[in-house]
Structures are given as structure tokens and as C-alpha cells.
There are 2 protein chains.
Amino acid sequence: METPIKREATCEQELAAIRDSLEILGGKWKLRIMRYLNNHIDEKNTFKKIQREVEGISAKMLSKELRELEINLLVTRTVMETRPVTVNYAMTEYGLSVFPVTETLVDWGLNHREKIK
Amino acid sequence: METPIKREATCEQELAAIRDSLEILGGKWKLRIMRYLNNHIDEKNTFKKIQREVEGISAKMLSKELRELEINLLVTRTVMETRPVTVNYAMTEYGLSVFPVTETLVDWGLNHREKIK
DNA sequence: CGGTATCCATGTTGATACTG
DNA sequence: CAGTATCAACATGGATACCG
């Protein structure tokens with residue numbers, strides 16, 4: 001179990017933290033990619049396969065988004081020495097930590113839809 | 001106390017709910033405006049005053065964002081019959097429900113910054 | 001005061017073609 | 001297969017001027 005950390009943050013730091021979170025959760029594709037990977041944990045998820053299954057994404061965007069997810073330690077990239085080469089992507093343990101956050105967004109969003117209808 | 005509601009949602013509905021949440025939390029200004037209003041509950045928060053205090057926002061954007069917040073029932077707009085007319089904005093009770101959600105974004109963001117540094 | 005209208009700079013995304 | 005390069009389209013936001 002993790003040690004609970006007492007945090008103090010200024011208003012500006014909080015806004016920066018929110019920006020950081022939204023940079024990952026707020027874009028058009030990152031969450032879709034991560035949700036796909038998370039629902040296909042036991043499979044080999046190659047670049048092509050992800051592109052087929054994440055509806056509408058271009059190679060350019062998929063490449064860019066996967067690179068950013070990797071830099072943020074949310075996703076691993078593994079080059080398989082097949083012929084031709086394939087590359088495998090998977091969520092990291094740490095990456096799974098985004099899903100509880102998205103749950104709160106889902107809950108608020110569903111409730112909000114009820115509220116304003 | 002509210003009745004807990006058991007929700008079932010498809011993947012697409014969940015993504016739509018997240019989009020709804022992010023439309024409000026994810027933009028550049030809405031959260032700053034709401035945080036400002038929430039920290040100045042006992043004051044008259046006129047258009048001009050908000051524009052002065054929310055750093056860098058233009059009248060165009062402030063007008064647009066406030067209108068969207070009002071439509072989403074997060075903020076009230078009250079025209080005061082002073083001369084000249086002033087308009088007063090305030091968080092609604094319901095609007096306060098965004099702050100627990102932002103807290104989870106702050107927590108994840110702060111933790112993430114530690115993680116990747 | 002509380003906005004709206006207009007025009008413009010910028011960044012983000014898509015389409016297509018191409019490479020190792 | 002797994003990308004990159006290039007160009008075009010579009011959305012977002014800012015600056016300025018103006019109105020009731």
C-alpha cells in the first residue's frame with residue numbers, strides 16, 4: 001500500500017495539475033486508445049490492430065498519441081523481431097490509474113445529462 | 001440525501017458522458033471562472049469584475065463561457081436594474097458538484113507530475 | 001456596463017503519399 | 001508492418017471596434 005501523501009498546492013499549481021490531467025484525458029484519442037488496450041489485455045495489440053479498432057484514427061495521430069502515452073509511462077511499446085517487424089502496445093500498471101479518474105468523469109457526465117435534459 | 005442510482009452504460013455512452021464532462025472541465029476558461037466565483041461567493045461578481053480577475057480572458061470568451069455555464073445550470077445570471085445596468089454571476093448549488101470532480105483531476109495530475117519527473 | 005461583430009493568427013487534425 | 005512527410009481543412013481563441 002502506498003503512503004498517503006499530504007499535498008499542499010496553490011491555486012496555480014492546482015490548475016497546472018488539472019491541465020496535466022486533461023492533456024491525457026482531454027484529447028480526442030488517448031482515452032479511446034487506452035480503453036481499447038485495457039479491454040484487450042491478453043492480446044497482441046499491434047499498431048495496425050489498434051488503428052483498425054479505434055474508429056477513425058489516422059496513422060499520423062495514432063503514432064503521435066501512442067508516443068505521448070509512452071512518454072507519460074502509461075503505455076509500453078515493444079518491438080517484436082518478427083518478419084516483418086511488428087510493434088506491440090500495452091497499458092502499464094501505472095497506466096491503469098487513469099481509469100478511476102475517468103469513472104468520476106463518466107459518473108458526473110451521466111448525472112449531468114439527466115440534470116439538463 | 002439522493003437516492004443512489006444504479007447505472008448501466010455502454011462504452012459509447014461512457015465516452016459520450018466523458019465528453020460531456022470535459023466540455024465543461026476541459027476548456028481553457030470555464031473552470032477558472034467557476035473557481036473564481038466559488039472563491040468570491042459573498043461578493044457581487046459582475047461581468048467586468050470577473051474579466052478583471054480571470055487573467056487574460058477577452059470579453060468575447062467570457063461572454064461565451066458564461067452563457068454555456070448558464071445553459072448547463074452551473075451558474076446563474078442576474079441582471080441588476082442599476083444605472084447603468086450591471087449583471088451578476090454566481091455558482092448554483094448544482095454547480096458546486098464540479099469541484100469534487102476537479103479534485104480527482106488535481107490529485108491525479110499532482111501524482112503524475114511526481115511520477116514522470 | 002455588458003456585451004456583439006468582425007477579422008485574423010494559430011494550433012490541431014485529416015488525407016494522401018511515401019519509406020525502411 | 002509501422003510508421004513519416006507534406007499539405008489542406010477546420011476549429012479555437014485573440015484583438016479590435018462598435019452598440020444599447
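Labels below follow one simple rule: chain letters A, B, ... track the order of the sequence lines, proteins then strands, and each chain is numbered from 1. All of these numbers come straight from a predicted model, not from anything done at the bench.
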Asker: Would you mind reading off the distance between M80(B) atom CE and dG2(C) atom P, rounded to a whole angstrom?
Answerer: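 Computing the M80(B):CE to dG2(C):P distance gives 11 Å.
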Asker: I need the S63(A) OG to Q51(A) CD distance, nearest 0.5 Å.
Answerer: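 S63(A) OG to Q51(A) CD: 10.0 Å, rounded to 0.5 Å.
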Asker: Just the rounded figure in Å: distance from C1' of dC1(D) to CZ of R77(A).
Answerer: 12 Å
Asker: For a 4.5 angstrom cut-off between non-hydrogen side-chain atoms, does T78(B) reach V87(B)?
Answerer: no
Asker: Assign T46(A) to base, sugar-phosphate, or nothing according to its heavy-atom contacts below 4.0 angstrom with the strands shown.
Answerer: sugar-phosphate
Asker: Looking at Y89(A), I'd like to know whether one of its side-chain N or O atoms comes within less than 4.0 Å of OP1 or OP2 on dC1(D).
Answerer: no
Asker: Has the side chain of E70(A) got a donor or acceptor atom that lies under 3.5 Å from a matching backbone atom of R67(A)?
Answerer: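 No; zero donor-acceptor contacts below 3.5 Å.
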Asker: What is the distance, rounded to the nearest whole Å, between atom CD of E81(B) and atom C1' of dG20(D)?
Answerer: 14 Å
Asker: Does dT4(C) have OP1 or OP2 sitting under 4.0 Å from an N or O in the side chain of S63(B)?
Answerer: yes
Asker: In degrees, rounded to 10°, what is the bend between the two ends of the helix from dC1(C)-dG20(D) to dG20(C)-dC1(D), using five pairs at each?
Answerer: 40°
Asker: In chain order, what residues pass the ring-ring contact (aromatic ring centres under 6.0 Å, His included) check against Y36(B), with sequence neighbours excluded?
Answerer: H40(B)
Asker: Under 4.0 Å, counting only non-hydrogen atoms across every strand here, what does R83(A) touch: a base, just sugar-phosphate, or nothing?
Answerer: nothing
Asker: Please report, rounded to the nearest Å, how far the P atom of dC1(C) is from the NZ atom of K49(B).
Answerer: 13 Å
Asker: If I take atom CG in residue L66(A) and atom P in nucleotide dT4(D), what distance separates them, rounded to the nearest angstrom?
Answerer: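 Spelled out: CG on L66(A) to P on dT4(D) is 11 Å.
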Asker: Side-chain atoms of residues 26-33 of chain A: list all donor-acceptor pairs with protein atoms under 3.5 Å, sequence neighbours left out, distances to 0.1 Å.
Answerer:
from, atom 1, to, atom 2, distance (Å)
K30(A), NZ, E65(A), OE1, 3.0
K30(A), NZ, E68(A), OE1, 2.5

Asker: What nucleotide among dG3(C), dT4(C), dC1(D) has an atom nearest to a side-chain atom of R67(B)?
Answerer: dT4(C)
Asker: Let me confirm one number: the CZ-CG distance from R52(B) to L62(B), rounded to the nearest 0.5 Å.
Answerer: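 Interatomic distance, R52(B) CZ to L62(B) CG, rounded to 0.5 Å: 12.0 Å.
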Asker: Among the candidates dC1(C), dC1(D), dG3(D), find the nucleotide nearest to the side-chain atoms of P84(B).
Answerer: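 Out of dC1(C), dC1(D), dG3(D), the nucleotide with an atom closest to P84(B)'s side chain is dC1(C).
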Asker: Once you round it to whole Å, what is the distance between P of dC1(C) and CG of N88(B)?
Answerer: 14 Å
Asker: Quickly work out the K30(A) NZ to dT12(C) C1' distance and round it to whole Å.
Answerer: 11 Å
Asker: Within the pair R52(B) and dC1(C), is there a side-chain N or O less than 4.0 Å away from OP1 or OP2?
Answerer: no
Asker: Identify, with sequence neighbours excluded, every residue that meets salt bridge (Lys or Arg N to Asp or Glu O under 4.0 Å) alongside K49(B).
Answerer: E43(B)
Asker: Parallel, tilted or perpendicular: which one describes the rings of Y89(A) and F47(A), with boundaries at 30° and 60°?
Answerer: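 It falls in the tilted class, 30° to 60°.
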Asker: Report yes or no: does T86(A) contribute a side-chain atom to a donor-acceptor pair with the main-chain N or O of T46(A) at less than 3.5 Å?
Answerer: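 No; judged by distance alone, with no hydrogens or angles, the pair does not exist.
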Asker: Roughly, in whole Å, what's the span from CG in N45(B) to P in dG2(C)?
Answerer: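 So the CG-P distance, N45(B) to dG2(C), works out to 11 Å.
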Asker: Can you list everything that forms a salt bridge (Lys or Arg N to Asp or Glu O under 4.0 Å) with R19(A)? Sequence neighbours excluded, please.
Answerer: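 R19(A) satisfies salt bridge (Lys or Arg N to Asp or Glu O under 4.0 Å) with no residue once adjacent residues are dropped.
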Asker: Just by protein heavy atoms under 4.0 Å, how would nucleotides 13-20 of chain C read 5' to 3' in B, S and -?
Answerer: BBB-----
